[in-house]
A.B. asks: 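Below you'll find the structure I mean.
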Amino acid sequence: MQEKRQFIRDQTGDSYIDIVIVMLIIFTLLASLLAIFPVLSVQQSLNNTARQIARTVEVTGSVGPEVDQLLDDLVSVKPDNLSFETTWKDPAKQTIQLKTPFTVVATKTVPIILVRPAFGEPIIFEITVTATASGISEVYHK
């Protein structure tokens, strides 16, 4: 009976269980950060892309071949959808008059793989990332 009470009071192995639980929590947090990293990277690149497009529209005064050329030459992320919010001087040619403000809205969908089983389809969660940049046209159209 004395040995049983001593065994119940003996807590020398308790710290091992605590360490295992803490390690599981740390590995779960690290895995979460690694899963979120692509979204943060795409967000930063998309912000840069939107700023470059806005600057190109400011200098050219239109959404034309220069913007298409910039999108083709970009090394960073290419947006899935690109829209412009402004008052057009000529909507057909998409020209913007001098000192007319505009906003570029770029969106991209980023897939995040949650689970990749050995057999079957992976479970994918898609996040839509949006970046905006504003500018004012520097070109006067007659």
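Keep in mind that the numbers below use all heavy atoms, side chains included, and drop hydrogens, waters and symmetry copies.
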A.B. asks: Can you give me the closest heavy-atom contact between A50 and A133, atom names plus distance?
C.D. replies: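 Nearest heavy atoms, A50 then A133: O-CB, 3.5 Å.
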A.B. asks: Do V105 and N81 make a side-chain contact, defined as non-hydrogen atoms from C-beta onward lying under 4.5 Å apart?
C.D. replies: no
A.B. asks: Side chain to side chain contact (heavy atoms under 4.5 Å, CB included), that's the test. Do W88 and I96 meet it? Break it down for me.
C.D. replies: CA-CA 5 Å; W88 300 102; I96 303 172; 3.8 Å; yes
A.B. asks: If you round to the nearest 0.5 Å, how far is OG1 of T100 from CD of E138?
C.D. replies: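 Rounded to the nearest 0.5 Å, the CD-OG1 separation comes to 12.0 Å.
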A.B. asks: Is a salt bridge present between E58 and R51, judged by a nitrogen-to-oxygen distance below 4.0 Å?
C.D. replies: no
A.B. asks: What about F84 and L70, same hydrophobic cluster or not, with Ile/Leu/Val/Met/Phe/Trp/Tyr joined at side-chain heavy-atom distances under 4.5 Å?
C.D. replies: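 F84 and L70: one cluster.
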A.B. asks: May I ask you to test the Q97-Y140 pair for a side-chain heavy-atom distance under 4.5 Å?
C.D. replies: yes
A.B. asks: Judged by atom type as modelled, is there a donor-acceptor pair below 3.5 Å linking the side chain of D80 to the main-chain atoms of T109?
C.D. replies: yes
A.B. asks: Looking at P122 and I113, what are the two nearest heavy atoms and their distance?
C.D. replies: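 Minimum heavy-atom contact is CB-CG2, 4.1 Å.
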A.B. asks: Do V77 and I112 belong together in a cluster built from hydrophobic side chains that touch within less than 4.5 Å?
C.D. replies: yes
A.B. asks: Can you confirm whether V63 sits close enough to L82 that some side-chain heavy atom of one is under 4.5 Å from a side-chain heavy atom of the other?
C.D. replies: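 They are not in contact (no side-chain heavy atoms under 4.5 Å apart), so the answer is no.
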A.B. asks: Sequence neighbours excluded and cut-off under 3.5 Å, please list the side-chain donor-acceptor pairs for residues 34-47, or say none.
C.D. replies:
unit_1, atom_1, unit_2, atom_2, d
Q43, NE2, N47, OD1, 3.1
Q43, NE2, T130, O, 3.4
S45, OG, S41, O, 3.2
N47, ND2, Q43, O, 3.4

A.B. asks: List the residues meeting side chain to side chain contact (heavy atoms under 4.5 Å, CB included) with T95, not counting sequence neighbours, and say none if there are none.
C.D. replies: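 T95 satisfies side chain to side chain contact (heavy atoms under 4.5 Å, CB included) with S62, K89, D90, K93, H141 only.
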A.B. asks: Could you check L71, T60, I53, V59 and say which one makes a side chain to side chain contact (heavy atoms under 4.5 Å, CB included) with E66?
C.D. replies: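 It is T60, the one option of L71, T60, I53, V59 that forms the side chain to side chain contact (heavy atoms under 4.5 Å, CB included) with E66.
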A.B. asks: For I124 and P111, work out which heavy atoms get closest and say how close.
C.D. replies: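 Closest pair (atom of I124, atom of P111, distance): CG2-CB, 3.7 Å.
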A.B. asks: Test of understanding: clusters of I, L, V, M, F, W, Y form through side-chain heavy atoms closer than 4.5 Å, transitively. Do V139 and V57 belong to the same one?
C.D. replies: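 In one cluster with V139: V57, no.
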